[in-house]
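What follows is a single structure, written as structure tokens, with notes after it.
Predicted model, so just to flag it, every value in this text is computed and none were measured. Atoms within a ligand are numbered from 1 in the order they appear, just like the ligands themselves.
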Amino acid sequence: MKRVFSGIQPSGELHLGNYLGAIRNWVEMQHSADAFFCVVDLHALTIPKESGEVGAASLRLSQLLMACGLDPHVCTMFVQSHVREHTELAWLMECHVSFGELSRMTQFKDKSAQQKDFISAGLFTYPALQAADILLYDTDEVPVGADQRQHIEITRDIAERFNGRYGETFVLPEAVIPQAGARVMDLQEPTNKMSKSLESPRGTVDLLDPPEVVVKKIKSAETDSDTEVRFDFETKPGVSNLLSILAAATQRDPNEIAGDYEMYGPLKADAADAVVEMLTPIQARFTELEADPAETARLLEFGADKAQEIAAATVKRAKANLGLLAN
Ligand code: TRP
């Protein structure tokens with residue numbers, strides 16, 4: 001079975017775009033691949049945080065992921081800082097990637113431009129830690145959004161360089177960018193992706209929004225002045241977004257659904273209902289998990305133990321091939 005690995009930062013909440021664009025895909029993947037999913041809390045530290053903030057967000061995100069259907073007994077799901085090999089291998093990665101290569105990372109350029117008074121060194125070396133995440137598990141495929149392609153490329157470059165200098169050590173991973181994954185845009189500004197960082201929360205459906213809030217947000221979604229229902233993001237982004245959401249929630253084809261509607265009102269009502277129906281069991285499961293943090297901790301420990309067994313073997317191999325003095 002092929003091994004897949006992906007990571008997600010514990011920042012903010014999960015929204016409908018995260019769920020339909022990625023998480024739901026992960027839930028399916030756990031049954032067809034040897035899947036590793038990691039809450040990358042150490043990556044979150046690259047931007048200054050308050051004490052306790054990252055820990056609380058990691059717990060919450062883990063519970064959300066489990067509520068969405070990731071099953072710690074089916075996949076391997078864990079928190080990055082619980083497996084110390086991530087930081088250990090990250091140093092070896094840092095010493096095998098150049099300043100020039102890291103300087104070309106567009107995510108660093110974007111994120112450092114947003115930081116006013118403190119750009120951490122970790123923000124710059126972030127891809128080395130990500131390479132460690134991936135290479136520790138002999139990963140074949142990395143399901144990620146298109147914005148992460150460059151980070152997977154640099155991971156391959158580091159792995160190839162290391163293998164070239166010290167002999168076969170790491171498996172070269174491939175990025176898998178889902179093509180047909182649902183496109184979910186901001187409800188108020190449908191030319192932007194739905195995102196947790198946007199100023200106005202009205203355009204983003206949070207996975208934990210109560211049903212009446214979901215309905216209100218979807219019913220007040222931006223559409224356009226004519227009344228034709230057609231699936232075409234170029235000319236009708238708002239309506240296409242609603243079609244895309246309804247299609248994803250009901251596992252149907254958006255072009256086909258477009259034919260069922262002549263007005264925006266019923267389309268919005270049906271999209272709202274479908275989303276509420278999809279989120280209801282997720283929210284119920286989250287409420288249960290939230291009430292029992294010790295159970296979540298136990299599940300995460302189980303995941304970290306499984307992960308560590310593989311990670312430790314990889315670090316051992318890397319150090320041996322590098323020829324560090326054995327202890
Ligand atoms: N950098 C990724 C993001 O911002 C998160 C991440 C960290 C990741 N380590 C990873 C993704 C390993 C895939 C594999 O989305």
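The two residues Lys193 and Met185 come nearest to each other via the heavy atoms N-CE, 3.8 Å.
You'll find the side chain of Val171 stays beyond 4.5 Å of the side chain of Thr139, heavy atoms only.
For the pair Lys2 and Asp34, the salt-bridge criterion is not met [side-chain N within less than 4.0 Å of a carboxylate O].
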Can you produce the list of protein nitrogen or oxygen atoms under 3.5 Å from a nitrogen or oxygen of ligand 1, alongside each distance?
| from | atom 1 | to | atom 2 | distance (Å) |
| --- | --- | --- | --- | --- |
| ligand 1 | 1 (N) | Tyr126 | OH | 2.8 |
| ligand 1 | 1 (N) | Gln130 | OE1 | 2.9 |
| ligand 1 | 1 (N) | Gln148 | OE1 | 3.0 |
| ligand 1 | 4 (O) | Tyr126 | OH | 3.1 |
| ligand 1 | 4 (O) | Gln148 | NE2 | 3.3 |
| ligand 1 | 9 (N) | Asp133 | OD2 | 2.7 |

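At a cut-off of 3.5 Å, with distance as the only test, no side-chain donor of Glu85 or Thr314 sits close to an acceptor on the other residue.
Just one of Thr223, Asp226, Asn241 meets the side chain to side chain donor-acceptor pair (under 3.5 Å) condition when paired with Lys236; it is Asp226.
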Side-chain polar contacts of residues 36-48 - donor-acceptor pairs under 3.5 angstrom, sequence neighbours left out - could you list them?
| from | atom 1 | to | atom 2 | distance (Å) |
| --- | --- | --- | --- | --- |
| Asp41 | OD1 | Ser81 | N | 3.0 |
| Asp41 | OD2 | Ser81 | OG | 2.5 |
| His43 | ND1 | Gln80 | NE2 | 3.4 |
| His43 | NE2 | Tyr126 | O | 3.3 |
| His43 | NE2 | Gln130 | N | 3.4 |
| Thr46 | OG1 | His43 | O | 2.7 |

